Protein chains: 2
Amino acid sequence: MARDKEQTKEKIIAAVEQLLAREGFSALGVNALAREAGVDKVLIYRYFDGMPGLLRSYGESANFWPTLNEVVGGDIENLKGKGIGAVVSEVLVNFSRALRKRPLTQEIMAWELVEQNELTAILSELREEWAKKLFATFATEAASTDLDLPAVTALFGAAINYLVIRGRSTPFFNLIEIDNDSGWQRLEAMIHLLCQRSFVSLEP
Amino acid sequence: MARDKEQTKEKIIAAVEQLLAREGFSALGVNALAREAGVDKVLIYRYFDGMPGLLRSYGESANFWPTLNEVVGGDIENLKGKGIGAVVSEVLVNFSRALRKRPLTQEIMAWELVEQNELTAILSELREEWAKKLFATFATEAASTDLDLPAVTALFGAAINYLVIRGRSTPFFNLIEIDNDSGWQRLEAMIHLLCQRSFVSLEP
DNA sequence: TACTTAAGTCACTTAATGGTGACTTAAGTA
DNA sequence: TACTTAAGTCACCATTAAGTGACTTAAGTA
């Protein structure tokens with residue numbers, strides 16, 4: 001059996017992801033992790049200085065968050081003619097779709113609501129940066145509305161987060177099917193409609 | 001020391017609430033509970049047949065959910081002249097305020113996102129009934145809009161749930177202060193504005 | 001008063017967890 | 001080849017949890 005430190009580290013980090021995806025964060029412990037990786041748990045302490053350090057390493061190695069490109073829909077320029085309302089709703093819908101494709105991210109987001117640790121801290125930071133960059137992308141359009149843009153996007157973003165997280169384990173919310181596409185189509189339609197009617201373009 | 005079965009049962013149920021409020025659901029176990037109630041844990045098995053049965057009893061005994069009156073604002077008749085948009089946003093804002101006053105409910109709602117058990121099942125049922133009654137209250141007004149009302153209220157309701165739950169442990173979301181009134185004022189203002197602009201009254 | 005029932009106590013088992021110290025064994029090097 | 005370093009193994013500790021069986025003790029009743 002080859003003795004390769006780097007490879008063993010990678011096995012451990014891979015095991016974090018597998019275990020998280022398969023069993024959820026409540027099952028994530030030193031013992032279970034070592035078992036999953038087929039490795040002695042003492043190596044987790046030696047290489048990562050314990051669970052928190054391991055989570056930090058994992059957090060830095062992974063990419064849970066959708067890319068900006070993914071939510072902007074590929075071509076920013078294309079959106080510029082559409083008016084701020086259409087742009088915002090399109091980004092929100094893209095975001096919800098991107099999130100729904102990422103069970104691992106969902107799992108960590110659920111964890112985030114319940115515990116603070118190195119991993120959720122990293123996710124929070126990433127989200128912050130991400131949101132800032134996104135706002136920066138639309139800085140000029142954002143000026144052309146009388147709405148409180150951070151508040152509005154916080155509302156819609158929070159709604160999407162909640163419904164996606166909740167859809168993991170519950171099929172309905174408020175009579176809407178949140179665990180499949182048919183319900184999400186209704187939600188998407190209302191996101192578009194609410195934004196379309198609410199963002200009035202100011203003439204400068 | 002008096003031997004009073006009913007009183008002991010009540011002590012145990014009270015301990016569920018205290019422990020849940022003080023330590024959160026992750027600390028809620030048979031041992032900790034017996035310790036909190038000052039009672040031998042075997043009684044939890046004898047009287048409630050274990051933890052699940054105890055949660056059921058607790059769930060049936062408590063009232064975590066805001067009353068309809070609380071979210072309707074006291075007088076339904078008063079709202080009737082206002083138009084559906086104003087009514088909906090007022091109910092939503094009242095709901096958010098009611099929820100923000102209930103740390104225990106917040107705790108259980110967080111739990112609901114992460115685990116399925118007797119208690120969260122009861123909370124889900126209550127929410128379902130509650131939502132149905134609420135919709136029934138405004139059945140006539142609800143007809144006077146072209147919006148998909150369940151979808152719209154699901155979005156706002158989900159947003160409120162998420163932000164309230166998240167505010168327990170994190171001060172900011174998307175640049176908004178969600179752990180105090182100043183941020184919530186901005187959110188409330190946008191809820192009102194979005195509803196006002198989105199609900200167009202149809203003439204019958 | 002003697003007896004039965006049930007309320008409450010105690011001690012224990014089993015299993016899992018996080019964490020550590022001492023060991024063995026492989027790889028690289030003087 | 002002999003030696004050092006570090007990769008990986010193993011056995012163990014303390015703690016905590018859920019759950020159970022046997023016990024004691026109080027209350028009500030014949």
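Sequence lines set the chain letters: A, B, ... in the order given, protein chains first and strands last, and positions in each chain run from 1. Since we're looking at a predicted model, the values are computed, not measured.
Across residues 10-17 of chain B, not one residue has a non-hydrogen atom less than 4.0 Å from an atom of DNA chain D. For residues 48-61 of chain B, proximity to DNA chain D is found at no residue, defined as any non-hydrogen atom under 4.0 angstrom from a strand atom.
Judged as a side-chain hydrogen bond (donor to acceptor under 3.5 Å, both in side chains), and not counting sequence neighbours, K9(A) has no contacts. With sequence neighbours excluded, no residue forms a side-chain hydrogen bond (donor to acceptor under 3.5 Å, both in side chains) with R46(A). Listed by chain and residue number, nothing satisfies the salt bridge (Lys or Arg N to Asp or Glu O under 4.0 Å) test with R35(A) (two or more places apart in sequence, or in another chain). Every residue two or more places apart in sequence or in another chain that forms a salt bridge (Lys or Arg N to Asp or Glu O under 4.0 Å) with D148(B) is listed here: R186(A). With sequence neighbours left out, the ring-ring contact (aromatic ring centres under 6.0 Å, His included) criterion links F95(A) to W130(A). Under the rule for a side-chain hydrogen bond (donor to acceptor under 3.5 Å, both in side chains), the partners of N31(A) that lie at least two apart in sequence or sit in another chain are K41(A).
Nearest-nucleotide mapping onto DNA chain D: of Y45(B) and K5(A), the residue sitting toward the 5' end is K5(A).
For the pair S89(B) (side chain) and A86(B) (backbone), a donor-acceptor distance under 3.5 Å is present. Side chain of T145(B) to backbone of A142(B): no donor-acceptor contact under 3.5 angstrom is found. A donor-acceptor distance shorter than 3.5 angstrom exists from the side chain of T120(B) to the backbone of N117(B), with no hydrogens or angles considered. The backbone N or O of S182(A) lies less than 3.5 Å from a partner atom in the side chain of N180(A), making a donor-acceptor pair. Between the N174(A) side chain and the P150(B) main chain, a donor and an acceptor come within less than 3.5 Å of each other.
Residue pairs meeting the ring pair (Phe, Tyr, Trp, His ring centres under 6.0 Å) criterion with at least one member in residues 153-182 of chain A, sequence neighbours excluded, are Y162(A)-F173(A).
One atom, CG of L28(B), and another, P of dT16(D), lie 17 Å apart when rounded to the nearest Å. Remark: P of dA7(D) and CD of Q7(A) are 13 Å apart, rounded to the nearest angstrom. The distance from atom CG of D4(A) to atom P of dA6(D) is 15 Å, rounded to the nearest whole Å. The nearest whole Å value for the distance from the CG atom in L43(A) to the P atom in dA26(C) is 16 Å. Atom CD1 of I44(A) and atom P of dA7(D) are 15 Å apart (whole Å). Atom-to-atom, CZ of R3(B) to C1' of dA26(D) comes out at 4 Å; the value is rounded to the nearest Å. Following rounding to the nearest Å, L33(B) (CG) and dT16(D) (P) show an atom-to-atom distance of 17 Å.
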Tell me which donor-acceptor pairs under 3.5 Å the side chains of residues 107-116 of chain B have, and how far apart each pair is, sequence neighbours excluded?
from    : atom 1 : to      : atom 2 : distance (Å)
E107(B) : OE1    : R168(B) : NH1    : 2.8
E107(B) : OE2    : F25(B)  : N      : 3.3
W111(B) : NE1    : E115(B) : OE1    : 3.4
E112(B) : OE1    : R127(B) : NH2    : 2.7
E112(B) : OE2    : R166(A) : NH1    : 3.3
E112(B) : OE2    : S124(B) : OG     : 2.8
E112(B) : OE2    : R127(B) : NH2    : 2.8
Q116(B) : NE2    : S169(A) : O      : 2.8

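In this model, the phosphate group of dA7(C) is not approached by any side-chain N or O of T8(B) to a distance below 4.0 Å at OP1 or OP2.
Counting only Watson-Crick or G-U wobble pairs whose defining distances are both under 3.5 Å, the stems of 3 or more consecutive pairs in DNA chain C are C:1-30 with D:1-30.
A distance of 13.5 Å separates CZ in R197(A) from CD in Q196(B), rounded to the nearest 0.5 Å.
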Measure all distances between protein nitrogen or oxygen atoms and nitrogen or oxygen atoms of nucleotides 10-17 of chain C, and list the pairs falling under 3.5 Å.
from    : atom 1 : to     : atom 2 : distance (Å)
dT17(C) : OP2    : R35(A) : NH2    : 3.1

